[in-house]
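Here the structure is a predicted model, which means the values were calculated and not measured.
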Amino acid sequence: MPTMPVAGILRGTTPSPADIVVRNAKIFTGDPLHPQATAVAITGGTITAIGDDAEIIGSVGSDTTIVDAQNRRVIPGLNDSHLHVIRGGLNYVLELRWDGVPTLKLAMQMLREQAARTPKGQWVRVVGGFTKEQFAEKRLPTLSELNEAAPDTPVFILNLYQSALLNRAAVTAAGYTKDSPDFRGGQIVRGRGGEPTGLLLAAPSALVLYSTLAKAPMLDQTHQKDSTRHYLRELNRFGLTSAIDAAGGFQNFPDNYSTVMDLANEGKLSLRIAYHLFPQVAGQEVDDLRRWVETVKPGDGDEYLRLNGAGENLTWAAGDFENFTEPRPELAADYEVEFEKAVRLMMENGWGFRLHATYNETIERDLAVFEKLAAEGLFPAGNRWIFDHAETISGSSLDRVAALNGAIAIQNRMSFQGESFIQRYGAGRAADAPPIRSMLDHGLVVGAGTDATRVSSYNPWVALHWLVTGRTVGNTLLYPPENRVSREQAIEMFTVAGAKLTGEESVKGVLRPGYLGDLSILSDDFFAVDEADIPHIESLLTIVGGRIVYAAGDYEGQDEELPNVQPEWSPVSHFGGYQKTSKPSTAGGRQADLLAQAAAESELQRQWRAARADADVPVISGDTFETHSH
């Protein structure tokens, strides 16, 4: 394997040589006892030495791969604590990704080109990872524009949890007519004659959106494996080395898990995955959970693929929807009956779980069930449990979560839906949705993630930008400094906290001898770049267990070879995944932009303090703060 030229390191005859050494680096270890280093050695997948050249020189043998970081920043491998990685991998090569695309004009050009090369019977699908706020035009395409761009090829565009756009060909391919009934909690928008227009609305349930997407053609098993490998490589591109799969709708066990299981058995996973099991059929959730607890248990697997528990739903009736363009959904008055059965079953069998809970009203009802079981000595019984999302969780609920030894996983859904939240609830309430700093101040484990791919992008640096700056991808300021975190804290939420959520904090999350050899060399120094440039950071070299799983720039060609993207007409084959654009700090008008941002931040701090003093903050219109093109 080719390596970078290195001066100052001589190959020795050590009896236990390292497999790979990274040196001449600015290493952020994440280890509070030894926070900085310049070199690290990995042997047998595990870190065996870290420090400076003198401390790793004894690890260098004749066959050791030596990587010169050229004084670049190195960090522990990132861990997305809530990513739909299994489901995303099965379809990745079929999707036209608008993640990072700066203008609607460019997005539609990509769509037209893809429609022209897509064969008959296949669809063009844009499935999340973008928002109209990222476009300079600040709008979505119209149905007329879709029909003009692709008159014959079915096109499906998923817009957050809110809606989907279908051209006429997709309406026909999906089988929708004037006689098609609406979905529960969703709407097929119709014209004067009752014929579907192509607009689907989540009102507030996204079932109509996901059920329609499920009508599109799927890949066969062989191509699903290759698609998953390319998706994992795309995640490695951004320095991800681990993820916690949150399961989700239309992800059946074991059928939809067989791809990652096969890849794990073949040693071809380039990302460590801890997965959850999600009952798919309303009304038989407890039966499914009972069947699973009798056959598998959390911890089953290895360091690359392991079961972490149930969720993110235990019962469908207990899950709230997160469409911020719609009012908060009112859940069934008696959902606790079946929900309690499910939680009790988990506790009695040593299973942890995670729960989708957007609103405090849902969280309070869930907590009441947990407290009832705790009074019986059944909760949490040493099991890990997590609330996901928790945008509107209250301080009193955080107290109760802490008392029950719970944890929280937050995602940057507000990066993509922040403007919608402001329009419905006002800037004052948006300023601590979710209350990140309060969660940490309560001493809770707070893991960070993306919730990709159907809403947020899978690019973790977009989420890190949100944590640090409090801004959306459209550059709207959401949070005052009181509800943001430092860059070091943000990295910890994407490394150490994620490891704690899977019970692996003794083997990963920091760079320390005895820990897994997972790290990345960054294109830019996260701790030094302009805040606006954070989403543009990528990895130049990603290492998982001592394996180089992604290499670019000076290191190109050192990673493992993948099969070509198939089918040949795949959007990924032509456009790739996340669209890289120029850094904002290099654009003109940066100084004026900074002045406008400072003014917006000052106003937001005033609103945030007003909200703390008075719970009845008046609703603020969505255009209260000026937004700027990112």
Side-chain angles (χ1 to χ4, degrees), residues 1-4 18-30 37 39-42 45-47 50 65-70 72-81 83 85 88-89 92 228-244 263 267-273 303-305 449-450 452 457-464 491 494-495 498-499 508-511 515-526 534-562 576-578 580:
M1 178 182 293
T3 61
M4 297 301 299
D19 298 318
I20 187 167
V21 163
V22 177
R23 49 92 57 180
N24 192 21
K26 293 186 294 185
I27 301 176
F28 173 80
T29 68
V40 58
I42 302 169
T46 302
I47 295 172
I50 188 165
T65 297
I66 302 175
V67 177
D68 187 343
Q70 302 180 67
R72 294 187 177 99
R73 176 62 67 185
V74 171
I75 63 169
L78 298 179
N79 184 349
D80 190 322
S81 66
L83 176 65
V85 58
Y92 173 64
T228 295
R229 293 186 69 190
H230 280 283
Y231 182 48
L232 299 187
R233 174 66 60 87
E234 175 76 351
L235 298 178
N236 298 148
R237 167 189 168 190
F238 296 102
L240 278 166
T241 60
S242 292
I244 309 177
L263 290 174
K268 293 180 179 177
L269 286 180
S270 65
L271 188 85
R272 305 184 193 277
I273 301 172
E303 63 192 30
Y304 274 92
L305 184 66
T450 62
S457 173
Y458 50 75
N459 182 350
W461 297 101
V462 175
L464 284 156
I491 287 290
F494 255 102
T495 53
K508 70 179 179 182
V510 299
L511 300 179
Y515 279 56
L516 297 173
D518 302 348
L519 57 84
S520 66
I521 301 175
L522 301 182
S523 60
D524 299 276
D525 188 347
F526 171 63
I534 292 174
H536 298 262
I537 294 173
E538 296 187 13
S539 176
L540 293 178
L541 189 88
T542 303
I543 295 174
V544 178
R547 297 163 50 208
I548 298 177
V549 297
Y550 178 79
D554 292 337
Y555 309 102
E556 187 171 357
Q558 296 189 38
D559 49 6
E560 302 164 349
E561 187 175 5
L562 292 184
Y578 193 94
K580 187 172 184 177

Please evaluate residues I42 and D19 with respect to the criterion side-chain contact (heavy atoms from CB on, under 4.5 Å), reporting the C-alpha separation (whole Å), side-chain torsions for both, the decisive distance (0.1 Å), and the verdict. CA-CA 6 Å; I42 302 169; D19 298 318; 5.7 Å; no
Step by step, would you call T29 with V510 a side-chain contact (heavy atoms from CB on, under 4.5 Å)? CA-CA 6 Å; T29 68; V510 299; 5.9 Å; no
Take K26 and D525, measure what salt bridge (Lys or Arg N to Asp or Glu O under 4.0 Å) needs, and give me the verdict at the end. CA-CA 9 Å; K26 293 186 294 185; D525 188 347; 3.2 Å; yes
Let me see the working for I521 and V67 under side-chain contact (heavy atoms from CB on, under 4.5 Å), right down to the final yes or no. CA-CA 10 Å; I521 301 175; V67 177; 3.9 Å; yes
K508/R272 under side-chain contact (heavy atoms from CB on, under 4.5 Å): CA gap, chis, key distance, verdict: CA-CA 11 Å; K508 70 179 179 182; R272 305 184 193 277; 4.1 Å; yes
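Within the 4.5 Å cutoff, the side chain of L235 has heavy atoms near those of the L83 side chain. For the pair L519/L511, a side-chain contact is recorded, criterion being any heavy-atom separation below 4.5 Å from C-beta on. With a 4.5 Å cut-off on side-chain heavy atoms, L240 and L78 count as touching. Side-chain atoms of N79 and I244, non-hydrogen and from C-beta on, do get closer than 4.5 Å to each other. Using a 4.5 Å heavy-atom threshold, the side chains of Y550 and R233 count as touching. Within the 4.5 Å cutoff, side-chain heavy atoms of I548 are placed close to those of D559. Side-chain atoms of D554 and R72, non-hydrogen and from C-beta on, do get closer than 4.5 Å to each other. Between D524 and H536, the closest side-chain pair of non-hydrogen atoms is not below 4.5 Å.
Distance check, rounded to the nearest 0.5 Å: CD1 of I543 to OG of S520 gives 9.0 Å. Taken to the nearest 0.5 Å, the OG1 atom of T241 stands 11.0 Å off from the CG atom of D80. Put simply, CG on L540 and CD on E556 are 11.0 Å apart, with the number rounded to the nearest 0.5 Å. Distance check: S457 OG to F238 CZ gives 6.5 Å after rounding to the nearest 0.5 Å. Taking OG1 of T228 as the reference point, atom CG of L263 lies at 6.0 Å (rounded to 0.5 Å). Interatomic distance, CZ of R23 versus CD of Q70, reported as 10.5 Å (0.5 Å rounding).
The two atoms that bring A69 and Y555 nearest to each other are CA-OH, 3.4 Å, heavy atoms only. Shortest non-hydrogen contact noted between A18 and A41 is CB-CB, 3.9 Å. Closest approach of G577 to R237, counting heavy atoms only: C-NH1, 4.4 Å. In terms of heavy-atom proximity, A243 sits nearest to L271 at CB-CD2, 3.7 Å. Contact detail for G239 and S539: the closest heavy-atom pair is N-CB, 3.6 Å. Of all the heavy atoms in P460 and T450, the pair that sits closest is CA-CG2, 4.2 Å.
Screening L562, L269, V549 against L232 for a side chain to side chain contact (heavy atoms under 4.5 Å, CB included) leaves a single residue, L269.
D518 places no side-chain N or O within donor-acceptor distance of the main-chain N or O of V544, the cut-off being under 3.5 Å. Judged by distance alone, the side chain of N236 and the main-chain N or O of T542 form no donor-acceptor pair under 3.5 Å. Side-chain N or O atoms of Y458 include one that pairs as donor or acceptor with a backbone N or O of Y578 at under 3.5 Å.
Taking the six-membered ring for Trp, F526 and F28 have ring centres at least 6.0 Å apart.
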